[in-house]
Each structure stands twice: as C-alpha cells, then as structure tokens.
There are 2 protein chains.
Amino acid sequence: MQNITETTPLEPEELQQLAGLAERRRAIKRYQHLYHTGSSFQYLYLIRAGSFKSYTADTSGRQQITGFHLSSELVGTAAIGTGRHICDVVALEDSSVYKISCAEIERLVHKIPMLQRCLQRALSREFERNYKVMMLLGSMKAEERLAMFLLDLSQRFAMQGYSATEFDLRMTREEIGSYLGLKFETVSRMFSSFRESRSIEVKNRSIEIKDLDRLRQMVGYFA
Amino acid sequence: MQNITETTPLEPEELQQLAGLAERRRAIKRYQHLYHTGSSFQYLYLIRAGSFKSYTADTSGRQQITGFHLSSELVGTAAIGTGRHICDVVALEDSSVYKISCAEIERLVHKIPMLQRCLQRALSREFERNYKVMMLLGSMKAEERLAMFLLDLSQRFAMQGYSATEFDLRMTREEIGSYLGLKFETVSRMFSSFRESRSIEVKNRSIEIKDLDRLRQMVGYFA
DNA sequence: CGCGATTTTGACGGCACTCAAGCGCCGTGG
DNA sequence: CCACGGCGCTTGAGTGCCGTCAAAATCGCG
C-alpha cells in the first residue's frame, strides 16, 4: 500500500547520495505548500524533518488525499515524466526540506550512473505501489485498509530508524479517511475496534502497536 | 477514468509517428499473453486490431484487472521507467499488434525530439489517470462507476473513428467488475437498471448508448 | 480559560455483497 | 440435426458493512 506516484522512501545509502545534491534547505511552516498542481517541475524535495500530505481536488472542490510523506522521503518525483506537478503538497506541521534542483539532477545523472539507477529504482517502487492502492480501494474492507495503513506507516518509520510500534499520527481522521476511501467516523470506529481487540493502543494521534501479527492477519493476502 | 499506467490512447498524428517505427506485426490468439509480470521490457506494442486486458495477481492468486486496451492504443509504456513489466497482458480475442523494439525507440528518441515529446505526453496522460482511478475506486457508487466505464469506452472508440454510441464489449461482466471494484452480479444489475431508465440498450455484449447526457449526469462531478 | 476543531459513539438506512436458482448462448459430440 | 453441457448472464432474497445524521466529549490553539 501507499502513496500513489508521489512519495519515495529511500534506502539509507540512496539518501546519502541525494543529500549531497541538496542545494539548500528550506523551512516550511504548517499548512504551507511545497508546490501546486500544474506548476512546473523545478525541484525535488527531500524531507529533512516534518511531514506532508498531497492531494488533488475532486472536481466538486473538496480535497482527495493521495499520499502522506514522512521525513527522509523524496517528494515530487511523479513530475519527472511530465514536467508539471499533478497534485498539491502541503505541510502537516512545521517542516524542513532539502531542495534539489531539477537541472542539477539532469546534469549529475549523466555523470553518475549510480544516481540514475537510484532514481529509477525509486520510480519503479512508485509504479508498483499504484497497483496496491488500486487493490486496496477496489476490494478491501475498512478494517483491512486501516490495518494496512498502520503497517505501512510502521514500516516507513522503522526504515528511518524510529520505532516501528510507537509513533504519532500527524494527520486527522478525516485525512486518513480521504486517503483510504472511508468516512472519518468509520476510521474512528476502526481505531476503537482495534483497541478493543488489543491490537493497538490509541490515544488521539498517538499510536502504539501491541500486536503486529494480528494487524498482518487482518491485511491477510494483501500484505 | 481508465487504465492505470498501462494503456496509452494516441492522437492520430502520434499514431502515424509510431507506426513508422513498427518493426513487424504479430498475430496474437485469444487468451495468448503479450507479456508477463516481471519479464524484461523489450517492446512496446501498438494494437493494430483486437483488444487486451492487463491484470496482476492479488496475492491470493485471483486476477485483479487493471485495464483494457483497444485497437490503436499503445501497451507496455509503464515499463519504460522500470525496465520490467508490472502486469500481465492477455488478448481478449484474436488480435494483431505492431512490435516496436525498445532499443529502436531509444535510438530514435535521440534523433527525433518530436518523438520524445510524443512519448512524454503519453506517459503524462497515464499518470493523471491514476488519480481518476483512485477517486473512482475510493468514493464512487456502482452506478457512477459503470457510467464512467461506458463513457470512457465510448470516447476511446470515437477517437478511433468508430461509433461512440454503438459498440461491443469484449470482456465479461466479471472482468468489468474486477476492474471497477464490483461483483459481477452488481455489474449485471446496473446494466439492467440502465436499460430500464432507457439510458442504454444492452443485449449480452452489445451496447447502444441511447442517452449520453444521462450517463454524463450520473458521473456528475467526476467527469 | 474559552471556543472551535477534532474525535467518539449511537441509531438508522441503503447499497452492494453473498448465496442461490434459473435462463440463454454456443460449441461439442452423438 | 438435435441433445447435452458448460459458461456467462440475470434476477431474487437476505445480510452486513459502511455512510449519514446527530449529540456529546475531548483536545488544543489563541
């Protein structure tokens, strides 16, 4: 499961590669945009600290969340192919990013084949995730969706060296619901249900996974 | 709406560009595969006649349909970024394709900037469709999904110069359902419901759209 | 401290899924 | 040529999940 065509979690060594390219860091305040839909592709952003959400407007104007982005992940890669950003990205909290100029990348890709491979692997991972998201939204039940969401977050936190079982959500129930194709009341009910089955401890935004295996069972085949 | 990261409808002039590159045509019998998941990316396929479906195995082994491909559309483009195919593609009927070698494209892209733009535009369209598919599966009702499916087919047939209102489906109700995240019984019921409201005439696989506007209204905001 | 935003929980209803039966179409073989 | 069988399709009945509406509790920002 995971973000569609936007977030790109990086292996530690890939991260180092890219950090070297970072021209400068930039502070992004809560609710501030990294970029807007349709704006031209100038930079990739490597998240140094904080978190973001990306969304598109469903044609009635409300936002449809398409992904969440955590620290040490790469944002903006979907625009590589098209030259224009295809969604809005906004900070969920005060954050900090490295800006990596698109032109700079182009130049260096020719010099350093390693970097080419690194970016290709990143794009490849994104493509494969599209299919998982499709299956998620197409056929999974609310319980399965939320379990998958938690496992996904858990794995991404672990990848950065944080705890895989204790973390804080940075997004509202409504944002989670939008991402998973559920109403926020359903998300809330599922959290309560997970608590009653002792799979997790949840107090507002703080999550502690008590029974990782049970979550995995819920996701079942889709893992 | 439409296929995720796999099909690429082409404008007539783009089609001509690519037809020039076609090395040779190849006949594909019904149920025969064009390529398998994981196989290395060797060719793009321009469909000359016939139709295909692409699917991935949801981990329990059943196939999850991810797209349908009609004549004069380009198949296999999703693998450009990754070098490996990420789904299986199989013929729904006896078909014929042009094979366009990957190496050939690479060479010509350097010579003809026009072709580069053509492929980029194609990829761009695919990316944007991902979002529509996400919204479709995330929040639309069965009626809206099927209406959108029919309008999408209608538009693609029209693009090839065929009738936008009368066409034959090449896929089963079950395949449509898999694609739209519905059970085949629900698809069947919706077809019957559309018939009762005089929006379409439907007899087995043959479809005649009687009230295009009504279908558009059903899709509503999502159009 | 106070107010708006977020979250929880309950009651209720509708849409889509499940299970099941029956029909139509078509290819195969007697 | 017809009988048969299989597959796809339709339709019905019943159920369950999730969305809607509503109210109350809690959080957190100013």
Side-chain angles (χ1 to χ4, degrees), chain A residues 29-31 53 58 60 62-65 90-94 135-150 168-197 200-207 218 220, chain B residues 29-31 53 58 60 62-65 92-94 135-150 168-197 200-207 218 220:
Chain A
K29 286 242 169 268
R30 190 181 183 192
Y31 301 139
K53 68 176 174 182
D58 66 17
S60 70
R62 277 197 312 289
Q63 46 181 240
Q64 158 75 257
I65 309 266
V90 64
L92 291 171
E93 61 191 314
D94 292 355
M135 309 226 297
L136 175 105
L137 295 171
S139 55
M140 291 175 77
K141 292 182 190 295
E143 182 184 86
E144 299 169 315
R145 296 183 195 205
L146 192 60
M148 199 169 218
F149 176 74
L150 289 175
D168 279 5
L169 302 174
R170 292 293 144 80
M171 65 294 283
T172 67
R173 304 287 192 262
E174 185 160 24
E175 287 166 335
I176 296 171
S178 170
Y179 179 54
L180 296 176
L182 302 169
K183 293 294 151 186
F184 71 90
E185 297 97 325
T186 303
V187 173
S188 178
R189 271 183 246 277
M190 282 303 133
F191 272 130
S192 299
S193 150
F194 284 8
R195 186 198 299 120
E196 279 157 30
S197 72
I200 66 171
E201 202 47 66
V202 51
K203 169 85 173 168
N204 284 318
R205 307 277 178 101
S206 98
I207 301 285
M218 287 179 190
Chain B
K29 285 241 167 272
R30 190 180 183 195
Y31 301 139
K53 68 176 175 182
D58 67 14
S60 71
R62 274 196 314 287
Q63 45 181 243
Q64 156 74 257
I65 308 268
L92 291 171
E93 60 191 316
D94 291 355
M135 311 226 297
L136 174 105
L137 294 172
S139 55
M140 292 175 77
K141 294 184 190 295
E143 181 184 87
E144 299 169 316
R145 295 184 196 205
L146 191 60
M148 198 169 218
F149 176 74
L150 289 175
D168 280 6
L169 302 174
R170 293 292 145 80
M171 66 292 284
T172 67
R173 304 287 191 261
E174 185 159 26
E175 287 166 335
I176 296 171
S178 170
Y179 179 53
L180 296 176
L182 302 169
K183 295 293 153 188
F184 73 89
E185 296 98 324
T186 303
V187 173
S188 177
R189 273 183 243 277
M190 283 302 132
F191 272 130
S192 299
S193 151
F194 284 8
R195 186 198 300 120
E196 279 158 30
S197 72
I200 66 173
E201 203 49 65
V202 51
K203 169 86 173 166
N204 284 320
R205 307 277 179 99
S206 98
I207 301 284
M218 287 177 188

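Throughout, a chain's letter reflects where its sequence line sits, starting with A, and its residues are numbered from 1.
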B/Gln63/B/Lys53 under side-chain contact (heavy atoms from CB on, under 4.5 Å): CA gap, chis, key distance, verdict
CA-CA 11 Å; B/Gln63 45 181 243; B/Lys53 68 176 175 182; 2.7 Å; yes
Is there a donor-acceptor pair closer than 3.5 Å between any side-chain N or O of [X] and the backbone N or O of [Y]?
X	Y	value
A/Arg145	A/Leu180	yes
A/Ser192	A/Ser188	yes
A/Ser178	A/Ile65	yes

Less than 4.5 Å apart, side chain to side chain, heavy atoms only: is that true for [X] and [Y]?
X	Y	answer
B/Glu175	B/Leu92	yes
B/Leu169	B/Val202	no
B/Arg173	B/Phe191	yes

The reported gap from CZ in B/Phe194 to CD1 in B/Ile207 (rounded to nearest 0.5 angstrom) is 10.0 Å
Task: Contact summary for B/Leu182 and B/Val187, nearest pair of heavy atoms - done: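 It is CB-CG2, 4.2 Å.
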**Message:** C/dT9, OP1 or OP2 - any side-chain N/O from A/Ser188 closer than 4.0 Å?
**Reply:** no
Note to self: Rounding to an integer number of Å, can you tell me how far A/Tyr31 OH sits from C/dA5 P?
What the structure shows: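 Interatomic distance, OH of A/Tyr31 to P of C/dA5: 10 Å.
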Whole-Å gap separating C1' (C/dC15) and CE (B/Met140):
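Between C1' of C/dC15 and CE of B/Met140: 15 Å.
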Sorted by chain and residue number, the side-chain hydrogen bond (donor to acceptor under 3.5 Å, both in side chains) partners of B/Arg170 (sequence neighbours excluded) come out as B/Glu93
Residue set satisfying side-chain hydrogen bond (donor to acceptor under 3.5 Å, both in side chains) with B/Glu201, at least two apart, ordered chain then number -> none
Under a 4.0 Å heavy-atom cutoff, the residues of residues 168-176 of chain B touching DNA chain C are none
Protein-proximity profile, nucleotides 17-23 of chain C, B/S/- by nucleotide at the 4.0 Å heavy-atom cutoff, equals SBB----
| Candidate pair A/Met140 and A/Met148, rule side-chain contact (heavy atoms from CB on, under 4.5 Å), full reasoning | CA-CA 10 Å; A/Met140 291 175 77; A/Met148 199 169 218; 3.8 Å; yes
Run the salt-bridge test on B/Asp94 and B/Arg30 with the 4.0 Å N-O cut-off and return the result as yes or no.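 No salt bridge links B/Asp94 with B/Arg30.
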Q) Considering the terminal five base pairs at each end of the helix from C/dC1-D/dG30 to C/dG30-D/dC1, what angle separates the two local helix axes, rounded to 10°? A)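 Taking the rotation axis at each end, their angle is 40°.
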Closest to the 5' end of DNA chain D, once B/Phe191 and A/Arg30 are matched to their nearest nucleotides, is B/Phe191
Span of DNA chain D engaged by chain A, first through last nucleotide within the 4.0 Å heavy-atom cut-off, is D/dC18 to D/dC27
